[in-house]
Amino acid sequence: MDFELTQEQRVIQETAAKFVKDELAPIAAELDRTKDREKLKSILKRLADLGFMGINVDRKYGGTGAGSVAFSLAMTELGRGCASTTVTTSVTNMVAEVIQVVGTEQLREKYIPPLCNGAFAAGGFALTEAVAGSDPAAMRMSAVLDGDHWVLNGNKIFISSAEFAGVFVVWAVTDKEARKGKGISCFLVEPSFPGFRVGKEEKKLGQLASPTNEVIFDNCRVPKENVLGVLNDGFRIAAAELAGGRIGIGSLSLGIGLAAMDFARDFVKERISVDAASVNQQANQGLIANNYTRLAGARLALLRAAFLKEQKLYYAKEASMAKVYATEAANRACHDAMIIIGDYGYTDGCPVERYYRDVRVTSIYEGTSEIQRLIIARELLR
Ligand SMILES: Cc1cc2nc3c(=O)[nH]c(=O)nc-3n(C[C@H](O)[C@H](O)[C@H](O)COP(=O)(O)OP(=O)(O)OC[C@H]3O[C@@H](n4cnc5c(N)ncnc54)[C@H](O)[C@@H]3O)c2cc1C
């Protein structure tokens with residue numbers, strides 16, 4: 001075992017940390033308040049220029065080719081600065097990766113470079129429907145072949161970055177007679193395709209700078225060559241993509257938890273220097289020690305899952321374990337940071353208020369904690 005990062009992994013981690021300190025953290029509160037899309041897009045372009053949009057994607061398609069461990073490290077550092085920006089970055093990485101893994105050479109050459117170089121502001125991942133959240137195989141959206149196009153009909157909901165994504169990975173039922181989960185296919189859809197429309201935006205608790213919308217497919221015509229992977233085998237692509245995505249979301253949550261605890265620790269340090277006999281001191285020490293310990297465990301679990309993925313070993317169980325552990329540890333860290341800080345932590349002048357709102361969804365999207373536990377138990381009881 002070697003816990004040392006490679007030179008490349010260290011550079012990526014340090015570059016992300018510097019970007020957060022100099023550019024992202026200073027505007028995160030404003031982005032959250034104003035939901036300024038143009039500012040978000042300019043930040044996403046900067047991240048693309050720095051190589052953060054295709055971290056685990058081959059250089060020949062414009063990626064950084066640095067692997068899954070580097071991806072996890074980057075998402076954690078960026079997550080310390082702005083969760084909205086980081087989730088957009090994580091999903092865009094996911095989209096670029098899945099095209100590389102299962103796309104034809106033609107699709108790879110067409111869609112991966114603009115995802116990596118920022119020509120597309122982001123990538124979209126459209127799986128969830130009103131009747132198909134935790135159970136995506138229950139989806140109703142249909143795709144029917146008509147000449148050299150597939151015609152998609154149905155609605156996806158809660159789609160991140162739908163407003164400005166340059167390409168979407170979309171799932172639809174292509175064989176209604178097949179057993180549940182078997183007749184589903186995966187498509188690459190551009191927002192300019194006829195019949196594609198972005199619907200209402202959700203009003204959310206947190207991650208306010210990252211828009212979440214309904215997406216409507218009304219006889220949306222998708223060229224035949226935009227089928228991603230094997231026809232009727234798209235559910236497997238969703239499962240594989242989500243496993244990788246969970247490393248991204250877990251890593252993002254770790255960043256939020258660390259940011260909350262760092263703020264609380266510095267707050268306590270200042271208090272101690274002013275009032276050394278503070279009655280809260282020991283209780284606060286316990287909270288700080290417990291939370292940093294849990295977050296350290298979360299980091300190891302995430303890096304292990306990322307390492308297994310990078311080695312092309314089985315990693316789905318480990319990714320679920322890492323996601324459930326990291327997101328719950330991060331939720332706890334934000335909660336406890338507010339205990340340590342007190343009233344000020346509950347005001348919008350304190351970044352912990354934003355971390356507290358932003359962290360909650362990390363244990364909902366890309367599979368809730370309950371679903372992660374089901375996946376883990378299913379593997380253990382197999
Ligand atoms: C801000 C945000 C952004 C999102 N972005 C995207 C996106 O870009 N693309 C996309 O496709 N989706 C996206 N989603 C959707 C997200 O993936 C789903 O919300 C998530 O998978 C859970 O589905 P659901 O909300 O429909 O909950 P449901 O499936 O309705 O579940 C409700 C509750 O029941 C529990 N539950 C369900 N089934 C079981 C079971 N078998 N055993 C035990 N408990 C169970 C769940 O854990 C949950 O607590 C986003 C959601 C949010 C909130």
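Both ligands and their constituent atoms are indexed starting at 1 by order of listing. Not measured: the values here are computed from a predicted model.
Note: the hydrophobic cluster containing I27 does not contain L208 (ILVMFWY, side chain heavy atoms under 4.5 Å, direct or indirect links). No path of Ile, Leu, Val, Met, Phe, Trp and Tyr side chains, each step under 4.5 Å between heavy atoms, connects M261 with L252, placing them in separate hydrophobic clusters. When the side chains of ILVMFWY residues are joined at heavy-atom separations under 4.5 Å, either directly or via intervening members, I216 and F158 end up in two distinct hydrophobic clusters.
Within the 4.0 Å heavy-atom criterion, neither part of E202 lies near ligand 1. With a 4.0 Å heavy-atom cut-off, ligand 1 is reached by the side chain of V361 but not by its N, CA, C or O. Only the side chain of T368 comes within 4.0 Å of ligand 1, judged by heavy-atom distances.
Put simply, the side chain of F52 reaches to within 4.5 Å of the side chain of I12, judged on heavy atoms.
The protein does not reach atom 35 (C) of ligand 1 closely, with no heavy atom under 4.0 angstrom from it. Shown here, atom 30 (O) of ligand 1 is out of close reach of the protein: none of its heavy atoms lies under 4.0 Å off.
Judged by the shortest distance from any of its heavy atoms, V91 lies outside the 4.0 Å radius around the atoms of ligand 1. The closest approach between E366 and ligand 1 falls below 4.0 Å for a heavy atom of the residue.
Closest heavy-atom approach to atom 14 (N) of ligand 1 among the candidates F158, F168, W171: F158. Residue G133 holds the heavy atom nearest to atom 24 (P) of ligand 1 of all those in S369, G133, G123.
A salt bridge links R357 with D32: the closest approach of a Lys/Arg side-chain nitrogen to an acidic carboxylate oxygen falls below 4.0 angstrom. Between K309 and E97 there is a salt bridge, since at least one side-chain N of the basic residue sits less than 4.0 Å from a carboxylate O of the acidic one. Salt-bridge check for D22 with R46: failed, with every basic side-chain N at 4.0 Å or more from each acidic carboxylate O.
Within the structure, side chain to side chain donor-acceptor pair (under 3.5 Å) pairs that include any residue of residues 166-177 comprise T174-S185, T174-N232 (at least two apart or interchain).
Scanning all protein heavy atoms for the shortest distance to atom 9 (N) of ligand 1 gives F125 O, 2.7 Å. The protein heavy-atom contact nearest to atom 49 (O) of ligand 1 is E370 OE1, 3.5 Å. Among protein heavy atoms, atom 41 (N) of ligand 1 sits closest to L374 CD1, 3.4 Å. With respect to atom 37 (C) of ligand 1, the closest heavy atom belonging to the protein is S134 OG, 3.6 Å. Of all protein heavy atoms, the one lying nearest to atom 15 (C) of ligand 1 is T128 OG1, 3.3 Å. The nearest protein atom to atom 2 (C) of ligand 1, hydrogens excluded, is given as Y365 CD2, 3.6 Å; this is a heavy-atom distance. Of the protein's non-hydrogen atoms, the one nearest atom 19 (O) of ligand 1 is I364 CG2, 4.0 Å. In this structure, the protein non-hydrogen atom closest to atom 39 (C) of ligand 1 is I371 CD1, 3.8 Å.
For F217 and F196, the ring centers are positioned less than 6.0 Å apart.
At a cut-off of 3.5 Å, with distance as the only test, no side-chain donor of N117 or Y61 sits close to an acceptor on the other residue. Between the side chains of T327 and S253, no donor N or O sits under 3.5 Å from an acceptor N or O.
Considering backbone and side-chain atoms together, I159 places no N or O closer than 3.5 Å to any N or O of ligand 1. In terms of polar-atom proximity, D135 is not counted as a contact of ligand 1, lacking any N or O under 3.5 Å from an N or O of the ligand.
For the side chain to side chain donor-acceptor pair (under 3.5 Å) with T212, the lone residue among E202, K204, Q207 that qualifies is K204.
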